[in-house]
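Scroll down for the structure; my scribbles are underneath it.
Given the structure is predicted, the values throughout are model-derived calculations rather than measurements.
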Number of protein chains: 2
Amino acid sequence: MKTATRKEQIIKTAAKLFKEKGYAAVTMRDIAKALDIKAASLYNHITSKQDILKYVIISLAEEFTNGMNTIYNSSESNIHKIDQIISLHVDIAYRNPYQMASLNNDWMHLEKDVTYYLELRDSYEDNFRKIIKNGIETGELTDANPEVILFSILSALRNLYLWIPKKEDVNPAELSNNLSQVLINGIINK
Amino acid sequence: MKTATRKEQIIKTAAKLFKEKGYAAVTMRDIAKALDIKAASLYNHITSKQDILKYVIISLAEEFTNGMNTIYNSSESNIHKIDQIISLHVDIAYRNPYQMASLNNDWMHLEKDVTYYLELRDSYEDNFRKIIKNGIETGELTDANPEVILFSILSALRNLYLWIPKKEDVNPAELSNNLSQVLINGIINK
DNA sequence: CAAATAAACTAACAACCGTTAGTTTTGTAA
DNA sequence: TTACAAAACTAACGGTTGTTAGTTTATTTG
């Protein structure tokens with residue numbers, strides 16, 4: 001087990017604070033205080049506040065896009081691909097409960113990198129949309145509005161970070177199964 | 001049709017900016033500039049920046065809680081109650097696309113009123129949870145994890161504000177129907 | 001031990017923040 | 001036209017922001 005570098009500690013601490021109050025409301029002095037050092041000392045490890053946000057968000061966004069590409073290019077059924085997307089989100093949210101907040105709520109404060117972030121997000125959503133539309137065409141999925149399907153599933157998955165920390169006892173595999181059941185099979189008892 | 005007071009214009013303009021960048025990143029000078037006046041002039045109409053946030057969030061939160069109370073206390077089936085909750089969210093999100101962002105993302109910046117906000121939110125969620133649990137007991141709903149059901153539906157509904165502005169052509173009733181179909185019946189073609 | 005490097009510190013900066021005080025302009029009613 | 005109120009303005013305040021410069025302390029390496 002590699003010990004965390006000081007830079008990694010700073011980023012993790014910052015992400016925790018960003019989740020609580022958002023990027024703009026967290027000051028460099030807040031981050032420093034949480035690490036029991038002075039704000040100026042942070043600059044021995046990072047180049048700017050903006051730099052911290054970039055590290056928090058971009059690595060996560062790339063992980064989602066890479067995971068989606070692998071799933072999209074596999075030769076499984078579309079239903080199974082959706083199952084795998086759910087697992088991807090649960091897994092990443094479990095490992096990065098703080099960063100997920102910034103990914104969802106603070107991406108617009110990425111100054112130089114906001115374009116790259118939006119490219120990653122669009123690519124991700126396009127692949128998901130194609131899986132859903134293909135699933136409807138093959139008859140695997142009901143002929144509902146594909147945008148409503150995409151949006152409903154994606155909203156639930158993107159908000160997992162708000163919910164996972166409350167349930168320390170639930171394990172990721174079980175949560176993935178429960179989510180698949182609800183999101184794919186619905187909740188009505190037929 | 002009543003013409004909007006200056007205070008209402010300020011709140012609406014502020015909410016629009018809050019949606020784009022979040023409460024903390026929007027300055028009084030930003031709000032004033034969007035209205036083509038000077039920041040100091042805002043104070044002829046509102047008492048503080050905090051006051052604006054309170055007006056944006058609390059009225060909406062009360063509308064949700066009141067709507068939920070009406071639905072909860074009705075004598076319809078639990079499935080029908082869930083349908084009505086979906087319609088409630090679509091209706092409010094349609095009429096308040098900007099304020100919804102602050103309700104979701106900026107409530108923690110309510111200084112004096114954060115406790116009241118959390119009471120409203122907890123009350124809302126508790127009623128929703130009871131409807132779901134009751135639906136499972138009566139056999140209307142499948143015996144899935146009630147927290148997963150609650151969380152999945154609530155996440156989709158709370159994120160409607162991100163999605164509605166893109167779809168000017170969809171009408172609220174149709175969107176409610178599509179959402180009910182997806183969230184209640186699921187997406188698999190049985 | 002000596003030298004070099006990493007990582008903390010103090011002090012300060014220019015810019016920006018929410019807000020106030022006091023004044024001027026604008027619109028309306030008598 | 002005069003009088004009044006509403007709503008804008010200018011100027012400035014004390015505090016906070018991200019960041020830099022220069023220095024000291026702690027740790028690692030030869």
- [ ] Say whether, by atom type as modelled, one donor and one acceptor occur between the side chain of A:Gln99 and the main chain of A:Lys12 under 3.5 angstrom.
- [x] no

Task: Residues within residues 9-16 of chain B bordering DNA chain D, heavy-atom distance below 4.0 Å - done: none

- [ ] Specify the separation, in whole Å, of atom CE of B:Met28 and atom P of C:dG18.
- [x] 7 Å

Open item on the list: Using whole Å, what does the distance between atom C1' of nucleotide C:dT25 and atom CD1 of B:Ile37 come to?
Closed with: 14 Å

Task: Qualifying salt bridge (Lys or Arg N to Asp or Glu O under 4.0 Å) pairs with a residue from residues 46-62 of chain A, counting only residues at least two apart or across chains - done: none

Open item on the list: Looking at A:Asn44 and C:dA6, is any side-chain donor or acceptor paired with a base atom of the opposite kind under 3.5 Å?
Closed with: no

TODO: Taking heavy atoms of chain B and a 4.0 Å limit, find me the 5'-most and 3'-most nucleotide of DNA chain D within that range.
DONE: D:dA7 to D:dA12

TODO: Say whether B:Val56 and B:Tyr98 are linked into one hydrophobic cluster, either directly or through other cluster members, by side-chain heavy-atom distances under 4.5 angstrom.
DONE: no

Open item on the list: Looking at B:Tyr72, is its backbone amide N or carbonyl O close enough to the side chain of B:Gln84 to form a donor-acceptor pair, meaning the two atoms are under 3.5 Å apart?
Closed with: no

Open item on the list: Measure NE2/B:His109 against C1'/C:dG18 and give the value in whole Å, please.
Closed with: 15 Å

Open item on the list: Quick one, A:Arg129 with A:Asp126, criterion salt bridge (charged side-chain N to carboxylate O under 4.0 Å, His left out). Give me CA distance, side-chain angles, the key distance, then yes/no.
Closed with: CA-CA 5 Å; A:Arg129 187 178 287 107; A:Asp126 279 347; 2.9 Å; yes

TODO: For A:Thr27, answer base if it contacts any base atom (sugar-phosphate contacts may also be present), sugar-phosphate if it contacts only those atoms, and nothing otherwise; contact means non-hydrogen atoms under 4.0 Å.
DONE: sugar-phosphate

TODO: Sorted by first residue and then second, give each salt bridge (Lys or Arg N to Asp or Glu O under 4.0 Å) pair with at least one member in residues 70-99 of chain B; sequence neighbours left out.
DONE: B:Glu63-B:Arg95, B:Asp91-B:Arg95

TODO: Look at the side-chain N and O atoms of A:His45 and state whether any lies under 4.0 Å from the OP1 or OP2 oxygen of C:dA6.
DONE: no

Open item on the list: Test of understanding: with side chain to side chain contact (heavy atoms under 4.5 Å, CB included), list the residues that count as partners of A:Leu118, not counting sequence neighbours.
Closed with: A:Trp107, A:Val114, A:Arg121

- [ ] Measure the acute angle between the ring planes of B:Phe64 and B:His89, then classify it against the limits of 30° and 60° as parallel, tilted or perpendicular.
- [x] tilted

Open item on the list: Using whole Å, what does the distance between atom C1' of nucleotide C:dC17 and atom NZ of B:Lys38 come to?
Closed with: 16 Å

Open item on the list: Whether B:Arg29 contacts C:dT19 is assessed here as follows: a side-chain N or O lying under 4.0 Å from the phosphate OP1 or OP2. Is that the case?
Closed with: no

Task: With A:Asn44 via side chain to side chain contact (heavy atoms under 4.5 Å, CB included) - residues at least two apart - done: none

Task: Rounded interatomic separation in angstrom, taking OH from A:Tyr43 and P from C:dC13 - done: 18 Å

